[in-house]
Every structure is written in C-alpha cells, then in structure tokens.
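Below, read A as the first sequence line, B as the second, and so on, with proteins coming before strands; counting in each chain starts at 1.
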Protein chains: 2
Amino acid sequence: MELLKLSNQLCFPLYALSRKITSHYLPILEKLGLTYPQYLVMLVLWDEHKLSVKELGERLMLDSGTLSPLLKKLQEKHLLTRTRSREDERVVLIELTDTGLSLKNMATGVPNDIMCSLQISIEEMDQMRKLASGMLEKLNQLEPA
Amino acid sequence: MELLKLSNQLCFPLYALSRKITSHYLPILEKLGLTYPQYLVMLVLWDEHKLSVKELGERLMLDSGTLSPLLKKLQEKHLLTRTRSREDERVVLIELTDTGLSLKNMATGVPNDIMCSLQISIEEMDQMRKLASGMLEKLNQLEPA
DNA sequence: TAAAATTAAATTGTATAAAATTTAATTGCA
DNA sequence: TGCAATTAAATTTTATACAATTTAATTTTA
C-alpha cells in the first residue's frame with residue numbers, strides 16, 4: 001500500500017471529520033451566541049458550576065494560551081465570572097453566572113439538533129464515540145501531564 | 001442520560017483526538033520543516049504533482065482563505081510553484097518543485113513513526129479510519145459543494 | 001454582444017490552538 | 001528562614017480555519 005497517500009492516512013479523515021462536525025454546530029450555536037469551543041466550556045460549567053482555569057483546561061485538554069482569551073470573551077458576555085482564589089492567588093476561579101446558568105435551558109435542544117443535522121443514528125454515534133474516547137484515553141495515559 | 005455533558009458528546013472526543021494526533025505529528029514533521037496542514041498539502045502533491053488551488057481545496061476540504069497563506073509559505077520554502085493558468089487566468093496552478101519531490105524520500109518513515117508514537121495497531125487504525133471516512137463521505141454527500 | 005451572473009483566488013476580520021516566555025505566587029528544602 | 005524550584009495564568013508569537021468581501025476573469029443570457 002502506498003502509505004504516503006492522503007486516502008490512506010488515519011489522521012486526515014479524523015481531522016476533516018472533526019472540522020466538518022464543528023461546522024454543523026455553527027448555525028445551531030449561533031442562536032446561543034456561542035462558538036464551538038465556547039460551547040464546550042459552557043458544557044463543563046453547566047456540569048460543575050465552579051472550577052479553576054487549570055481544571056477547565058484538564059477537562060477540555062486546552063491550555064491557558066487558548067482558554068485565557070476565550071474565557072475573557074465569555075466573561076464579556078456575562079456568562080461567567082473570573083476571580084482570583086483567596087487560598088491561592090495564582091489560581092483563577094471560573095464561575096457560572098445566573099445568565100450563564102439560564103443559557104442551559106436554551107441549549108437543551110442542541111444535542112438533538114446536531115443528530116438531525118448530521119443525519120446520524122444513535123448506534124453509529126455511540127460506536128464512534130466509544131472508539132474515539134478509547135483511543136483518546138489511551139493516548140492520554142501514554143504521556144501523563 | 002444527561003445530554004448536556006461533555007462526556008456524552010460525540011463531538012468532543014473527536015475534536016480532542018484530532019488535536020492530540022496532530023500533536024504527535026509535530027516532532028516527527030519538525031525534521032521535514034513542515035506543519036501538519038503543510039504535510040497534508042505535500043501528501044496531495046506527492047500523489048498528483050500539479051493541480052489548481054481549487055482542486056487542492058477539494059482534496060483537503062479547505063478553502064482559499066486557509067490555503068492561500070499556507071501555499072505562500074510552502075512556496076517560500078521552495079517546495080512548490082504557483083502559476084496562473086494560461087487557459088483560465090482565474091486559476092492558480094500549484095506544482096511540485098524538485099526540492100518538493102525529493103522531500104518525499106525524507107517522509108517515507110512518517111507513517112510508521114506515527115504508528116509507533118500513537119502505539120496503535122493496524123487493526124485499530126483501520127477500524128477508525130473506515131468509520132471516520134464513511135461518516136465524512138456521508139456528510140459530504142449531505143450538502144454537496 | 002454587452003450587461004449580469006458566476007467562478008477562482010486573495011484578502012480581511014475573527015476565533016481558535018499551542019509552543020514559548022513572562023509574571024506572580026507558593027512550596028520545598030538546605 | 002531564605003532562596004531555588006515549581007506552579008497557575010496571562011501574554012506573545014506563529015499558524016491555522018473559515019465566513020465574508022473583494023478583485024479579476026470567464027460564462028451565461030437577455
């Protein structure tokens with residue numbers, strides 16, 4: 001097999017698929033006034049309400065170089081607050097505002113909207129999610145932070 | 001199931017995995033002086049040698065907004081040339097240089113290096129590639145360019 | 001055939017990503 | 001205790017992505 005061909009790479013379909021799926025989120029998230037990475041941050045906050053930038057970065061596998069400006073934008077939208085921790089002044093705590101919490105109600109339809117937009121079955125989605133999650137977990141164990 | 005949880009999203013593991021895999025390419029491609037998207041462009045050119053920006057964009061699912069600056073950089077590295085087509089002056093033809101062609105020899109080890117770096121089996125890779133490729137193809141048919 | 005519509009690239013503007021550096025705070029330990 | 005090492009965020013720099021607009025060339029069509 002010709003290994004140096006785009007069609008034989010694993011990386012490419014994964015990279016293209018990820019971008020493609022993100023593009024399907026765009027019109028759906030527009031109603032919420034969120035970009036896709038901003039939506040991911042809100043998903044974490046709807047689940048946990050309050051955590052540090054570092055913890056948020058661990059959940060999303062993003063560093064402060066990406067998160068800092070992103071969180072600043074969400075703060076400007078009044079969806080979250082950023083406060084220095086009293087116990088450790090190095091830590092910045094991110095906390096959901098009431099506005100941020102109430103946005104969750106508007107977001108309940110997003111997962112279903114995406115499934116429709118992608119025309120994908122629950123089974124297909126689950127298979128892919130398990131495969132991707134498993135591979136991701138393995139790679140994270142390979143080189144612990 | 002709580003649908004608005006990061007762990008239950010398909011999108012997130014795919015997005016994180018794609019970034020993770022790209023990060024594994026970084027040290028490997030460094031030897032070639034290429035970034036990951038630049039490597040993808042070279043993969044296409046090693047296979048086809050000469051094609052228009054539009055055709056390249058179709059192969060990689062990237063638009064001119066992304067490709068134009070990227071191709072400029074590869075031209076500066078003397079890996080390819082950019083020429084206006086005689087038949088249609090709107091078209092810019094991208095062609096591999098000798099330097100660009102000879103870089104292929106240095107890249108022969110990349111696929112194997114990646115497999116080692118990812119600690120992934122051929123079977124696992126094939127399963128994932130087929131699943132991702134299939135889903136990607138279906139999504140592309142959904143809304144034809 | 002001349003204006004309108006379309007097309008291909010490039011450009012502009014906005015938003016990530018992520019490596020590397022910087023700053024400030026905390027911890028470990030000699 | 002005091003200083004070196006570490007840690008958490010932010011900042012800086014470089015490189016994508018991609019929507020929207022612009023420019024120039026080609027096609028379509030009234």
Side-chain angles (χ1 to χ4, degrees), chain A residues 11-12 15-27 29-30 33-42 51-58 60-77 80-94 143 145, chain B residues 11-12 15-27 29-30 33-42 51-58 60-77 80-94 143 145:
Chain A
C11 60
F12 176 67
Y15 155 84
L17 180 61
S18 175
R19 285 187 291 121
K20 190 79 183 171
I21 290 180
T22 301
S23 79
H24 278 259
Y25 272 93
L26 202 65
L29 294 179
E30 204 172 40
L34 296 174
T35 65
Y36 176 66
Q38 288 171 6
Y39 172 66
L40 293 181
V41 167
M42 295 308 292
L51 72 182
S52 68
V53 173
K54 179 188 159 69
E55 289 166 330
L56 199 52
E58 282 164 1
L60 298 171
M61 304 183 200
L62 291 170
D63 70 5
S64 68
T66 303
L67 285 176
S68 286
L70 200 156
L71 292 170
K72 223 175 264 179
K73 264 168 220 143
L74 290 176
Q75 186 180 30
E76 283 163 14
K77 293 179 194 179
L80 52 81
T81 58
R82 302 192 304 150
T83 333
R84 289 269 161 200
S85 162
R86 287 255 190 86
E87 300 97 64
D88 188 337
E89 289 279 340
R90 291 171 303 180
V91 173
V92 168
L93 293 169
I94 304 300
E143 7 157 26
Chain B
C11 57
F12 176 67
Y15 155 83
L17 181 61
S18 175
R19 284 187 292 122
K20 191 78 182 172
I21 290 181
T22 300
S23 78
H24 278 260
Y25 272 94
L26 203 65
L29 294 180
E30 205 172 38
L34 295 174
T35 65
Y36 176 66
Q38 288 170 8
Y39 172 66
L40 294 181
V41 167
M42 293 309 291
L51 71 182
S52 69
V53 172
K54 180 188 159 69
E55 287 166 331
L56 198 54
E58 283 165 0
L60 297 171
M61 303 183 203
L62 291 170
D63 69 5
S64 69
T66 302
L67 285 176
S68 286
L70 200 157
L71 293 171
K72 224 175 264 181
K73 266 168 218 141
L74 290 176
Q75 186 180 31
E76 283 163 14
K77 294 179 194 179
L80 54 79
T81 58
R82 301 192 304 150
T83 334
R84 288 269 160 200
S85 161
R86 287 257 189 85
E87 298 96 64
D88 187 338
E89 290 278 340
R90 291 170 304 181
V91 173
V92 168
L93 293 169
I94 304 300
E143 6 159 25

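For B:Arg82 (side chain) and B:Leu93 (main-chain N/O), no donor-acceptor pair under 3.5 Å exists by modelled atom type. Looking at B:Lys77, its side chain does come within 3.5 Å of a backbone N or O of B:Gly33 through a donor-acceptor pair.
Nucleotide D:dA9 holds its P atom 11 Å from the CZ atom of A:Arg82, rounded to whole Å. For A:Arg90 and C:dT26, the CZ to C1' distance is 4 Å, given to the nearest whole Å. Atom pair B:Asp88:CG and C:dA8:C1' shows a separation of 8 Å (rounding to whole Å applied). Put simply, CG on A:Leu93 is 11 Å from P on D:dA10, counting in whole angstrom units. The interatomic distance linking B:Leu71 (CG) with C:dT11 (P) rounds to 12 Å, in whole Å. As a whole-Å value, the separation of A:Lys77 NZ from C:dA15 C1' is 10 Å. Per the geometry, CD belonging to A:Glu55 stands 14 Å off C1' belonging to D:dT7, to the nearest Å. Across the protein-nucleic acid pair, A:Leu56 atom CG and C:dT16 atom P stand 13 Å apart, rounded to whole Å.
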Where along nucleotides 16-23 of chain D does protein come under 4.0 Å, by heavy atom, of base (B) or sugar-phosphate alone (S), with - for untouched nucleotides? SBBB----
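Summary of the strand contacts: A:Ser68 and B:Glu87 both lie near DNA chain D, and taking for each the nucleotide with the nearest heavy atom, the more 5' one is attributed to A:Ser68.
Under the 4.0 Å criterion applied to side-chain N and carboxylate O atoms, A:Glu76 and A:Lys72 are not assigned as salt-bridge partners.
Proximity of A:Lys72 to the phosphate of C:dA15: no side-chain N or O atom is located under 4.0 Å from OP1 or OP2. Between B:Arg84 and D:dA24 there is no side-chain N or O to OP1 or OP2 distance below 4.0 Å.
A perpendicular orientation is assigned to the rings of B:Tyr15 and A:Tyr36, their planes being inclined by more than 60° (bins at 30° and 60°).
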Step by step, work out the side chain to side chain contact (heavy atoms under 4.5 Å, CB included) result for B:Leu56 and B:Leu71. CA-CA 10 Å; B:Leu56 198 54; B:Leu71 293 171; 3.7 Å; yes
Residues A:Arg84, A:Val91; criterion side chain to side chain contact (heavy atoms under 4.5 Å, CB included); working and verdict: CA-CA 6 Å; A:Arg84 289 269 161 200; A:Val91 173; over 6 Å; no
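Legend: residues meeting ring pair (Phe, Tyr, Trp, His ring centres under 6.0 Å) with A:Phe12, ordered by chain and number and at least two apart, are absent.
Within 4.0 Å (heavy atoms only), A:Ser52 reaches sugar-phosphate atoms of the nucleic acid but no base atom. As judged by a 4.0 angstrom heavy-atom cut-off over every strand, B:Glu30 is placed among residues making no nucleic acid contact.
In a base pair of the Watson-Crick type (N1 to N3 plus N6-O4 or O6-N4) or a G-U wobble (N1-O2 and O6-N3), with each distance short of 3.5 Å, D:dA8 is matched with C:dT23.
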